[in-house]
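This report concerns only the one structure given below.
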Amino acid sequence: MDVALALAWLRASAGAVAAESDRLTRLDSAIGDGDHGVNMNRGFAAVVAALDATPPDAVGALFVKAGGTLISKVGGASGPLYGSALRALGKALPPGPEVELAALAGGLEAGLEAVRKLGGAEPGDKTIVDAYRPALDAFEEAVAGGADLAGAAAAAARAADEGARATTAMQARKGRASYLGERSIGHQDPGATSTALIFKALADVTA
Ligand code: ADP
Ligand code: MG
Ligand code: MG
């Protein structure tokens, strides 16, 4: 992945959360406070604006800047969580304008670890983790099997979407939705849904 592709991914993510903003907000209205679409849209629009204003010349620096922007622009839980993930991804990458597939996989693992560390969610808690973990498992499995970035990203996108769908049956144990207890069951988690959009954006720009 080079700087241009990393930028294209974040731009496509911004486009996807803008296009699906109403859906994300509707999902968050059912089990949260109805701002997930607005939060994601505002955050990723700010990321694109910040990167366009001063484009970093290294992939790692680009993700660090994107993460810092999300953290500073989004007040909800999702800003610090996605922001920390992107920052950890960027920090884990070797310096330079291009990174190898194995390094990217390691960076994505560091991103998930940051989400787990900040939010304390385990798989099954009906959060971002429930799309991110299976997506990353699929990504790593594809890489181990010899896939290129496009193949690994496609596998990750499918797994993230399945993971997000599977949150419908879960009871939330983290975040606002956990206040609802059993009443959180029967609704797809907004954050897992936005995670699936972000992995789909990666698949789209690498296809
Ligand atoms: P807020 O809940 O502060 O309004 P958002 O609506 O933007 O923030 O984001 C809600 C999403 O954040 C949830 O759907 C869930 O996926 C995710 N989330 C909340 N708490 C956690 C956590 N502790 N770990 C991982 N993801 C979380
Ligand atoms: Mg919310
Ligand atoms: Mg909120």
Side-chain angles (χ1 to χ4, degrees), residues 10 13-48 63 66-89 107-137 139 156-157 159-202:
L10 294 174
S13 297
V17 299
E20 297 289 318
S21 177
D22 288 351
R23 174 163 166 251
L24 295 175
T25 285
R26 216 162 41 239
L27 292 172
D28 196 36
S29 300
I31 58 170
D33 57 355
D35 61 358
H36 191 56
V38 173
N39 287 343
M40 293 299 288
N41 202 4
R42 184 199 302 132
F44 274 85
V47 164
V48 169
F63 287 123
T69 304
L70 278 187
I71 291 169
S72 67
K73 297 289 178 189
V74 182
S78 57
L81 288 164
Y82 281 119
S84 301
L86 286 175
R87 210 168 51 178
L89 160 61
L108 291 170
E109 198 66 64
L112 176 59
E113 191 47 41
V115 171
R116 300 274 298 271
K117 203 168 152 199
L118 180 64
E122 297 297 328
D125 285 350
K126 198 178 181 102
T127 71
I128 287 167
V129 172
D130 291 304
Y132 198 157
R133 181 70 267 170
L136 191 46
D137 287 344
F139 189 94
D161 188 55
E162 281 167 23
R165 289 170 194 273
T167 62
T168 303
M170 295 172 187
Q171 177 172 337
R173 280 189 286 265
K174 292 287 173 191
R176 284 177 188 281
S178 66
Y179 307 157
L180 291 179
E182 288 184 356
R183 281 182 293 140
S184 63
I185 298 171
H187 304 277
Q188 186 166 316
D189 179 61
T193 306
S194 55
T195 298
L197 292 177
I198 292 166
F199 277 101
K200 182 173 185 301
L202 180 60

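We use all heavy atoms of the structure for the numbers below, so side chains are in, but hydrogens, waters and symmetry mates are not. Numbering of ligands and ligand atoms starts at 1, following listing order.
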Problem set entry | From CG (Leu202) to CZ (Phe139), nearest 0.5 Å | 6.5 Å

Exercise. Measuring from each atom of ligand 1, which residues have a heavy atom under 4.0 Å away?
Worked result: Asp28, Asp33, Asp35, His36, Asn39, Gly76, Ala77, Ser78, Leu81, Gly119, Ala121, Thr127, Ile128, Lys174, Gly175, Arg176, Asp189, Pro190, Gly191, Ala192

Seminar exercise, completed: Heavy atoms of Ala192 and Thr167 approach each other most closely as CB-CG2, 3.8 Å

Problem set entry | Under 3.5 Å: donor-acceptor pair, side chain of Asn41, backbone of Val17 | no

Problem set entry | Sequence neighbours excluded, every pair satisfying salt bridge (Lys or Arg N to Asp or Glu O under 4.0 Å) that has a member inside residues 23-41 | Glu20-Arg23, Asp33-Arg176

For this session: Report yes or no: does Lys126 contribute a side-chain atom to a donor-acceptor pair with the main-chain N or O of Met170 at less than 3.5 Å?
Result: yes

Exercise. Is there a donor-acceptor contact under 3.5 Å from the side chain of Thr25 to the main chain of Ser21?
Worked result: yes

For this session: First locate atom CD of Gln171, then atom CG of Asp125, and finally report the distance between them rounded to the nearest 0.5 Å.
Result: 10.0 Å

For this session: Taking 2.8 Å as the upper limit, name the protein N, O or S atoms near the Mg ion (ligand 3).
Result: Asp33 OD2, Asp35 OD2

Problem set entry | Residue pair Thr127 / Tyr132, side-chain donor-acceptor N/O under 3.5 Å | no

Could you list the donor-acceptor pairs under 3.5 angstrom formed by side chains in residues 112-119, with sequence neighbours left out?
from: Arg116; atom 1: NE; to: Ala121; atom 2: O; distance (Å): 3.0
from: Arg116; atom 1: NH2; to: Glu122; atom 2: OE1; distance (Å): 2.8

